[in-house]
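Comments concern the structure below.
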Amino acid sequence: MAAESATDRPPTTRPDVSVVVPVYNTLRYLRACLDSLLRQTIGPERMEIVAVDDGSTDGSGRLLDRFAARHPGVVRVVHQANSGGPAAPCNRGLDLATGRYVFFLGSDDRLGPEALERLVAAADRYGSDVVLGKVVGVNGRHVFSDVFADGNAVDVSLFDSELPWSLANTKLFRRDLVDRLGLRFPEDMPVLSDQPFTLAACYHARRISVLADYDYYHAVRRLDARNITYHSRVEQRLVSVERLFAFVADLIPAGPRRDAVLRRHAGLELANLIGDDFRRLDRAAQERVHASVRRLVERYVTDGVRARLDIEARLRLGAVTAGGVDDLLAVIEQDATRGVPETVVAGGRWHAGYPGAPAAWTDVTDVRADWLARLDTVEVSWVDGHTLTVTARSPYPGFATAAGPVRLAAGPVAGATRLDATDPSGRTVRTDFPVDRLLAVGAASGQRHPVRTEVDGGHGRGSAPVRAPRLAAGRPRVLRHGARLYGVAATVDPRTGQLVLSVVPVTVGQLVGRLRRRWQRRPTGPAMPARTTVRAASRAGAAVERSGNHAEPGPAQVGRVTVTS
C-alpha cells in the first residue's frame with residue numbers, strides 16, 4: 001500500500017519541472033543523486049522532486065524520508081510495495097507530479113548543476129515538447145552518443161537522425177503532451193518499459209530538441225551489477241522485446257519511418273537475445289529464444305530494416321531464420337572462439353564461410369565493404385606507456401587492395417592505422433591509440449570505447465566491430481590525467497565479443513584495497529596497518545602526478561595473444 005511522507009505537501013504554485021525518481025535499493029548512489037537535484041541552479045521554487053520508493057530493503061526509503069523532512073515543499077516521497085520493475089514507480093510519480101515539464105532520473109544517476117535550468121529554458125524558447133540533454137557515462141558505462149555528435153539541434157526528427165538509439169526516458173517532457181496522449185509506462189514490460197513512453201512522446205511531439213553543449217545527465221554504471229536492466233532473466237527480456245515490437249507496429253504505419261525505428265530494435269534488443277551469451281542458456285531457453293526471435297524477424301524485419309543493420313546483427317538474424325538452434329550455435333561459436341570465417345566466392349557472389357551454413361543467408365555481396373571491415377584482434381600492447389597499439393587481421397586474402405584505406409576507431413577516438421609490414425600478405429593492420437586522447441574524452445567520469453573498423457575502398461564504405469575472440473585481457477594500467485588516476489585497459493565485451501578500450505577512475509580506496517591484498521599475499525610478515533596502506537596509496541598517487549607517467553600496482557600487462565592463419 002502506498003504511503004506519502006507526511007512532511008511533504010504539494011507546492012501552492014505550479015513548479016516549472018517535476019523530477020520523478022523511481023528508487024529501489026540504490027542506497028550506495030542515492031545521496032549523490034538527490035544532492036545533484038538539490039544543487040540545481042533552477043532553484044527550489046521552480047522545481048519539485050517526486051521520489052517513489054518501490055519497496056527498497058537497503059535503507060533507501062529512510063534516506064528519502066530524511067531528505068523530505070529537510071526540504072519540505074521540494075521533496076515528496078511515496079513508499080509502495082515492490083512492483084518488480086521501474087514502470088509502476090514511474091507511473092506513480094507521474095500521477096503526483098505537478099510541473100509544467102516532467103523529467104525522469106534514475107536513482108543511481110545524477111544531473112549536472114545547470115541541467116534543469118538549461119532544459120526548461122530550451123523547451124520554452126523553442127516550443128519543444130521533448131528535450132534531450134547530453135548524456136555521459138560514469139564508471140565506464142557505455143551510452144549511445146551519436147545523436148550529440150553534431151551539437152545542439154533545435155528540431156530533430158525521430159526518423160532521419162540517431163535519436164532512435166537514445167530512447168531512454170531521461171529527457172524533459174512537456175506535461176501537456178503527456179496528458180493529451182495519456183502516456184504511461186507499460187507495467188507488463190519487466191524491462192525496456194521506458195521505450196514505449198519515449199517513442200510515443202517523440203512520435204507525437206511538435207518539436208524535439210537535442211542539447212549537446214553541456215553534460216546534462218550522468219548515467220552511472222552500478223558497480224554492484226544488480227540493475228535489473230543488465231541482468232534480467234531471459235524470459236523477461238523475451239516478453240519485453242515482443243511487446244516493444246508490437247508497440248512500434250501499432251504506433252507507426254508500415255514503411256520507411258517504421259523501418260528507421262525498428263532498425264534500432266532489431267539491431268540492438270533483438271540481436272542482443274542471440275549475442276555470444278546465448279551459448280550459456282540451457283537448451284530449453286535456447287529453443288524459446290530462437291523461436292521468439294525467428295517469429296519477430298519474419299513479422300517485422302523488412303528488407304528496409306535488414307539493409308540498415310550492422311553486419312553481425314544481419315548475419316545472426318539470418319542464421320535464425322535459415323536454420324535451427326544448432327545452426328545458430330555454430331555461427332556464434334565461430335565468431336566467439338575462432339574468429340571471422342573465410343570468404344567464399346562463387347559465381348561472382350561473396351558468402352560468409354560459416355561451416356555448414358546454407359547460402360541463402362550467408363550472401364554478403366551487397367555489403368562487401370561491411371564484411372571486409374570485420375577484423376579479429378591479434379594483439380594489444382603498450383608502447384612507452386603512452387600508446388595502446390591494437391593489431392588486427394582479416395582472413396580475406398585480398399584485404400590490402402579490396403578494403404582501401406582502413407581506420408580503427410575507439411568510440412570517438414580515431415587511431416593511426418597502417419599495414420603491418422611484418423605480414424607480407426597485407427591482411428594485418430596496426431593502430432596506435434594515444435592514451436592521452438582516450439583520457440581526454442573519457443576521464444571526467446570514465447568511459448568505454450568500443451573499437452570499430454572503417455574501410456573505404458572499391459566496394460564502398462563499410463564498418464564493423466573489431467572482435468577479440470582469443471584475447472586474454474590483462475589488468476589495467478593506472479595513469480594520471482590532471483590530478484586524478486585512471487585505469488586504462490583493453491577488455492572484451494562478454495555479450496558481443498567486441499574489443500573495448502576502457503577508461504575508469506581509480507579511487508584511493510581501490511588503491512588501498514589492491515595494496516592490502518598484495519601485502520596479505522606475502523608469505524611472511526604481519527599485515528600492513530590500514531593507516532600505513534592509505535599513506536602508501538597516497539604516496540603512489542603523488543608519485544604518478546609528479547612523474548606524469550604510469551603507475552603499475554602489480555603486473556599490468558594488457559593481454560597478448562598471437563593468432564596464426
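Residue indices begin at 1 and follow the sequence shown. Atoms considered below: every heavy atom in the structure, side chains included; atoms not considered: hydrogens, waters and symmetry mates.
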query: Is Asn152 atom CG crowded by more than 12 heavy atoms from other residues, nucleotides or ligands, each under 6.0 Å away?
result: yes
field: Arg243 side chain reached by Leu192 side chain, heavy atoms, under 4.5 Å
entry: no
field: Arg46 side, atom CZ; Thr41 side, atom OG1 - distance, nearest 0.5 Å
entry: 8.5 Å
task: Ignoring hydrogens and angles, tell me if any N or O in the side chain of Ser60 forms a donor-acceptor pair with the backbone of Tyr24 under 3.5 Å.
output: no
message: Between Tyr216 and Phe148, is the ring centroid distance below 6.0 Å?
response: no
query: At their closest point, which heavy atom of Phe173 faces which heavy atom of Thr198, and how far apart are they?
result: CZ-OG1, 4.1 Å
query: Can you check whether Asp276 reaches Arg467 side chain to side chain, under 4.5 Å on heavy atoms?
result: yes
query: So do Asn169 and Cys90 actually touch side chain to side chain, heavy atoms under 4.5 Å?
result: yes
message: Looking at Asp35 and Arg31, is there a salt bridge between them, counting it only when a charged N and a carboxylate O are closer than 4.0 Å?
response: no
message: Keeping Asp109 on the side-chain end and Val220 on the backbone end, is there a donor-acceptor pair under 3.5 Å?
response: yes
message: Checking side-chain polar atoms at under 3.5 Å, does Gln498 have a donor or acceptor matched by the opposite partner on Glu312?
response: no
- prompt: Looking only at heavy atoms, what is the nearest atom pair of Val77 and Ala68, with distance?
  reply: CG2-CB, 3.8 Å
task: Write down the atom of Leu163, the atom of Cys202, and the distance for their closest heavy-atom approach.
output: CD2-SG, 4.3 Å
- prompt: Which residues pass the salt bridge (Lys or Arg N to Asp or Glu O under 4.0 Å) test with Glu114, sequence neighbours left out?
  reply: Arg118
- prompt: With distance as the sole test, does Asn25 use its side chain to make a donor-acceptor pair with the main-chain N or O of Thr57 at under 3.5 Å?
  reply: yes
message: For the CZ atom of Arg62 and the NE2 atom of His79, what is their distance to the nearest 0.5 Å?
response: 10.5 Å
- prompt: Closest approach of Pro22 and Val20, non-hydrogen atoms and distance?
  reply: CD-O, 3.6 Å
query: Only one of Val130, Val17, Leu132 forms a side chain to side chain contact (heavy atoms under 4.5 Å, CB included) with Leu172, so which one is it?
result: Val17
query: Step by step, would you call Asp58 with Arg28 a side-chain contact (heavy atoms from CB on, under 4.5 Å)?
result: CA-CA 9 Å; Asp58 67 344; Arg28 179 175 180 177; over 6 Å; no
query: Is any side-chain heavy atom of Val293 less than 4.5 Å from a side-chain heavy atom of Arg316?
result: no
message: I'd like to know if the side chain of Arg264 and the backbone of Pro164 have a donor-acceptor N/O pair within less than 3.5 Å.
response: yes
query: Does a salt bridge link Arg184 with Asp95, judged by any charged N lying under 4.0 Å from a carboxylate O?
result: yes
query: Do Arg288 side-chain atoms and Leu238 backbone N/O form a donor-acceptor pair below 3.5 Å?
result: no
- prompt: Are Leu158 and Leu199 side-chain neighbours, meaning at least one heavy-atom pair lies under 4.5 Å?
  reply: yes
field: Arg279 CZ: over 12 foreign heavy atoms closer than 6.0 Å
entry: yes
- prompt: Say you draw a straight line from NZ of Lys171 to OG of Ser166; how long is it, rounded to the nearest 0.5 Å?
  reply: 6.0 Å
- request: Find out whether Leu388 and Trp382 are in side-chain contact, i.e. whether some heavy atom of one side chain is under 4.5 Å from a heavy atom of the other.
  value: yes
query: Taking Glu48 for the side chain and Thr98 for the main chain, is one N or O donor matched with an acceptor at less than 3.5 Å?
result: yes
task: Hey, can you tell me if Phe104 and Phe197 have their rings parallel, tilted or perpendicular (30° and 60° cut-offs)?
output: perpendicular
Verdict with reasoning, Arg470 to Val492, per side-chain contact (heavy atoms from CB on, under 4.5 Å): CA-CA 10 Å; Arg470 285 169 282 180; Val492 181; over 6 Å; no
query: Under 3.5 Å, is there a donor-acceptor pair linking the side chains of Ser83 and Glu187?
result: no
- request: Find out whether Asp16 and Asp124 are in side-chain contact, i.e. whether some heavy atom of one side chain is under 4.5 Å from a heavy atom of the other.
  value: no
Any residue meeting ring pair (Phe, Tyr, Trp, His ring centres under 6.0 Å) with Phe245, in chain and number order, not counting sequence neighbours: Tyr300
- prompt: Looking only at heavy atoms, which two atoms of Val451 and Ala410 are closest? And how far apart?
  reply: CG2-CB, 4.1 Å
field: Set of ring pair (Phe, Tyr, Trp, His ring centres under 6.0 Å) partners for Tyr101, sequence neighbours left out
entry: none
field: Gap separating the CG atom of Leu105 from the CG atom of Leu111, nearest 0.5 angstrom
entry: 5.0 Å
query: Any sub-3.5 Å donor-acceptor pair from Thr26's side-chain atoms to Asp108's backbone N or O?
result: no
message: Before you tell me yes or no, could you show the steps for Gln80 and Asp54 under side-chain contact (heavy atoms from CB on, under 4.5 Å), namely the whole-Å CA-CA distance, both residues' side-chain angles and the distance that decides it to 0.1 Å?
response: CA-CA 5 Å; Gln80 64 183 31; Asp54 196 44; 2.9 Å; yes
message: Tell me if a side-chain donor or acceptor on Asp129 pairs with a main-chain N or O of Leu177 at a distance below 3.5 Å.
response: no
query: Atom NZ in Lys134, atom NE2 in His218: separation rounded to 0.5 Å?
result: 9.5 Å
message: Please check this pair: side chain of Arg221 against backbone of Gly137, looking for a donor-acceptor N/O pair closer than 3.5 Å.
response: no
task: May I ask you to test the Ser292-Leu273 pair for a side-chain heavy-atom distance under 4.5 Å?
output: no
task: Taking only Lys NZ, Arg NE, NH1 and NH2, and the carboxylate oxygens of Asp or Glu, determine whether Asp53 and Arg92 approach each other closer than 4.0 Å.
output: no
field: For Ser193 against Pro86, the heavy-atom pair lying closest together
entry: OG-CG, 3.9 Å
- request: Could you tell me whether the side chain of Gln40 and the main chain of Gly112 form a donor-acceptor pair under 3.5 Å?
  value: yes
- prompt: Can you check side-chain contact (heavy atoms from CB on, under 4.5 Å) on Leu38 and Phe67, steps first, answer last?
  reply: CA-CA 10 Å; Leu38 294 168; Phe67 269 79; 3.5 Å; yes
